[in-house]
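Presented below is the structure to which this report refers.
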Amino acid sequence: MHHFTYHDDRLFAEDIDLTALAEQIGTPFYLYSEATLRRHISVFRDAFKDTNALIAYSVKANSNLAVLKVLASEDAGADVVSGGELQRALKAGIPPEKIVFSGVGKTVDEITMALNVGIYQFNVESEPELNAINALAGGANKKAPIALRINPDVAAGGHEKISTGKSEDKFGIPWSQARELYAKARAMEAIAIKGVDLHIGSQIDNLAPFETAFKKIAALIDTLRADGCAIERLDLGGGLGIPYGEGAAPPHPDAYAQMIKQVTAPLNVQLIFEPGRMIAGNAGILVTRTTYVKNGEERKFLILDAAMNDLIRPALYDAYHDIWPVVREPETPLEKYDVVGPICESSDRFAKARELPAAKPGDLFAIMSAGAYGASQTSQYNSRPLVPEILVSGERYSVIRRRPDFETMIAGEEIPDWLG
Ligand SMILES: *Cc1c(COP(=O)(O)O)cnc(C)c1O
């Protein structure tokens, strides 16, 4: 469910007319609906309301401070994967005791920062990382709360580049080493074992891989407890898929919750979740204007002013995004377009042979479901300034990240003296 709808054939974000907004902001720009963000987090929260689950929003999906502030006001915690994300979460008012820290390559600086602020849990992904955390926590006279991220060796994820729970993936502790590493952790002075963690992939569109992995982990918890490990928390990661187009029907959070409650009820643990895409994905769009329509020999190209540096998902993961005209004219015939950006790469393409209303230069389009892994993955490739981000709330809107001008874009660059 989202709040992007047509009124008299003009696309609105909540109560804001996108045609008028595009005149004011200039294109391209990201736009998020606050009501949709709130709805998504509350649907997830309600699905687990009879448990004391911690919902730690995965900051990498969309890390804009205003988005984090909205989610903080809904009592969300945060799952961070870098020192930068940790600082963003704190700045947005997410308390450290609701922050978990994931990722395979936490540096000394990042671990130190997390220890200093007192985060809820480190999700540890290797033995060397565990040793590093033990040493740093010991040096600071602290005990670091940890879960080991276990790789359950289960295939999941809509695309090989977003599958993380197979033994060949770089993530987590190999299944066969889990028990042994928990035993080592138990002997470490500055480590406080709190739980078990896993995250098997992203855009998972059915419950089966989750259920397989969660049952494996539940059995592991029994074993660990028999070994003498006090396991009080179970972090099940994120990964729940969202509908990217018509006909797509990933599981509803309620069905996901029901399955999880069944699997975990006997364990008596606090559940932690790290949803990202499910919260932000359908709460955001990328609004872009047609620059040219070009007739090739075999196909027609719709050339937009947005490009792969603004939204890399189609180029990186072959991702599908619906594309909606911002103004619908019912009599307009349909055309098949390759929808592309201006960047000098053949992968700079949003859609191939997509049926859309015949377009002309100046026509606006909305690339839908772009709220997660959109703005957070942007770059300035081809020296294109980062696109602005807008937050809409009813009839209000606010620019929550400005479009940098040329001077700002190059502000960190310097020509050495010797080059004159
Ligand atoms: C990316 C990531 C998530 C969020 O995944 P979604 O598919 O966006 O829900 C959660 N946990 C970890 C460790 C991640 O890397």
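At distances below 3.5 Å, not a single donor-acceptor pair connects side-chain atoms of Asn151 with backbone N or O atoms of Trp175. A donor-acceptor pair under 3.5 Å is absent between the side-chain atoms of Glu274 and the main chain of Ile55, judged by distance alone. Checked by atom type and distance alone, the side chain of Thr290 never pairs as donor or acceptor with a backbone atom of Tyr292 at under 3.5 Å. With hydrogens and angles ignored, the 3.5 Å screen pairs no side-chain donor or acceptor of Glu232 with any backbone N or O of Gln270. Checking side-chain atoms of Ser126 against main-chain N and O of Glu129 turns up a donor-acceptor pair under 3.5 Å. A donor-acceptor contact shorter than 3.5 Å is absent between the side chain of Asp46 and the backbone of Val43. Formation of a donor-acceptor pair under 3.5 Å by the Glu125 side chain with backbone atoms of Gly103 is found in this model. For Tyr373 (side chain) and Gly281 (main-chain N/O), no donor-acceptor pair under 3.5 Å exists by modelled atom type. Judged by distance alone, the side chain of Asn64 and the main-chain N or O of Ile400 form a donor-acceptor pair under 3.5 Å.
Pairs passing the side-chain hydrogen bond (donor to acceptor under 3.5 Å, both in side chains) check and including a residue from residues 75-84, sequence neighbours excluded, read Asp79-Ser102.
Between Tyr6 and Phe12, the ring centre distance reaches or exceeds 6.0 Å. Taking the centre of each ring, His321 and Tyr244 come in below the 6.0 Å mark. In summary, the aromatic rings of Phe273 and Phe44 are positioned with their centroids under 6.0 Å apart.
A 6.0 Å sphere centred on CG of Asn295 holds more than 12 heavy atoms belonging to other residues, nucleotides or ligands. In the displayed structure, Lys261 atom NZ is contacted under 6.0 Å by more than 12 heavy atoms of other residues, nucleotides or ligands. Residue Arg328 places its CZ atom among more than 12 non-hydrogen atoms of other residues, nucleotides or ligands, all under 6.0 Å distant. Environment of CG in Asn268: sparse, with no more than 12 heavy atoms of neighbouring residues, nucleotides or ligands closer than 6.0 Å. Heavy-atom contacts from other residues, nucleotides or ligands closer than 6.0 Å to CG of Leu334 number more than 12. More than 12 heavy atoms of other residues, nucleotides or ligands sit less than 6.0 Å from atom NZ of Lys216. The environment of CD in Gln258 is sparse: at most 12 heavy-atom neighbours from other residues, nucleotides or ligands sit within 6.0 Å. Other residues, nucleotides and ligands place more than 12 heavy atoms under 6.0 Å from the NZ atom of Lys142.
Judged by distance alone, the side chains of Asn309 and Ser379 never bring a donor and an acceptor atom under 3.5 Å apart. Defined by atom type and a distance below 3.5 Å, a donor-acceptor pair is present between the side-chain atoms of Ser73 and Arg38.
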Does Ser33 form a side chain to side chain donor-acceptor pair (under 3.5 Å) with Glu14? I'd like the steps, not just the answer.
CA-CA 7 Å; Ser33 152; Glu14 301 193 22; 2.7 Å; yes

Assess whether side chain to side chain donor-acceptor pair (under 3.5 Å) is satisfied between Tyr381 and Glu345, documenting all intermediate values.
CA-CA 11 Å; Tyr381 186 40; Glu345 304 272 349; 2.6 Å; yes

Trace of the side chain to side chain donor-acceptor pair (under 3.5 Å) decision for Asp305 with Thr288
CA-CA 6 Å; Asp305 63 2; Thr288 167; 2.7 Å; yes

I'd like to know whether Leu130 forms a side-chain contact (heavy atoms from CB on, under 4.5 Å) with Ile146, so could you lay out the CA-CA distance, the side-chain angles of the two residues, the decisive distance to 0.1 Å, and finally the verdict.
CA-CA 9 Å; Leu130 184 66; Ile146 67 107; 4.2 Å; yes

Does Tyr397 form a side chain to side chain donor-acceptor pair (under 3.5 Å) with Gln24? I'd like the steps, not just the answer.
CA-CA 11 Å; Tyr397 75 87; Gln24 283 170 42; 2.5 Å; yes

Run Val81 and Val59 through side-chain contact (heavy atoms from CB on, under 4.5 Å) and show every step you take.
CA-CA 8 Å; Val81 293; Val59 171; over 6 Å; no

Between Thr264 and Leu271, does a side-chain contact (heavy atoms from CB on, under 4.5 Å) hold up when you go through it step by step?
CA-CA 9 Å; Thr264 61; Leu271 297 176; 3.9 Å; yes

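From Ile279, atom CD1 reaches atom CZ of Arg45 across 9.5 Å, with rounding to the nearest 0.5 Å. In this structure, the separation between CD1 on Ile94 and CD1 on Ile99 is 6.0 Å, given to the nearest 0.5 Å. Here CZ of Arg403 is found 9.0 Å from CZ of Phe29. Values are rounded to the nearest 0.5 Å. Here the CG-CZ distance, from Asn382 to Arg384, works out to 7.0 Å after rounding to the nearest 0.5 Å. Atom CD1 of Ile150 and atom CG of Asp235 lie 11.5 Å apart (nearest 0.5 Å). Taking CD of Gln121 as the start and CG of Asp197 as the end, the distance is 6.5 Å to the nearest 0.5 Å.
The shortest heavy-atom contact between Gly394 and Ile16 is O-CG1, 3.7 Å. Of all heavy-atom pairs between Asp348 and Gly341, the closest is OD2-C, 2.9 Å. Residues Leu198 and Ala213 share a closest heavy-atom pair of CD1-CB, 3.8 Å. The minimum heavy-atom distance linking Arg401 with Ala375 is given by the pair NH1-O, 4.2 Å. The heavy-atom pair separating Ala306 from Pro342 by the smallest distance is O-CD, 3.6 Å. The two residues Phe122 and Lys106 have their closest heavy-atom pair at CD2-CD, 4.3 Å.
Asp109 pairs by the salt bridge (Lys or Arg N to Asp or Glu O under 4.0 Å) definition with nothing, not counting sequence neighbours. Residues satisfying the ring pair (Phe, Tyr, Trp, His ring centres under 6.0 Å) test with Tyr182, not counting sequence neighbours, are none. For Gln262, there are no side chain to side chain donor-acceptor pair (under 3.5 Å) partners at least two apart in sequence or on another chain. Residues passing the salt bridge (Lys or Arg N to Asp or Glu O under 4.0 Å) test with Glu110: none are found, sequence neighbours excluded. By the salt bridge (Lys or Arg N to Asp or Glu O under 4.0 Å) test, Asp322 pairs with no residue at all, sequence neighbours left out.
The existence of a salt bridge linking Asp338 and Lys352 is excluded, since no basic side-chain nitrogen approaches an acidic carboxylate oxygen closer than 4.0 Å. Taking 4.0 Å as the cut-off between side-chain N and carboxylate O, Lys60 and Glu85 do not count as a salt-bridged pair. Contact check on Arg289 versus Glu23 returns a salt bridge, with a Lys/Arg side-chain nitrogen under 4.0 Å from an Asp/Glu carboxylate oxygen. Using a 4.0 Å cut-off between charged nitrogen and carboxylate oxygen, Asp363 and Lys360 count as a salt-bridge pair.
Counting heavy atoms from C-beta outward, Asn123 and Leu148 have side chains that stay 4.5 Å or more apart.
Note: Phe4 and His2 have tilted aromatic rings, judged against thresholds of 30 and 60 degrees for the angle between ring planes.
Remark: Arg233 is positioned above the aromatic ring of Tyr120, its terminal NZ or CZ atom under 6.0 angstrom from the ring centre and at most 45 degrees off the axis.
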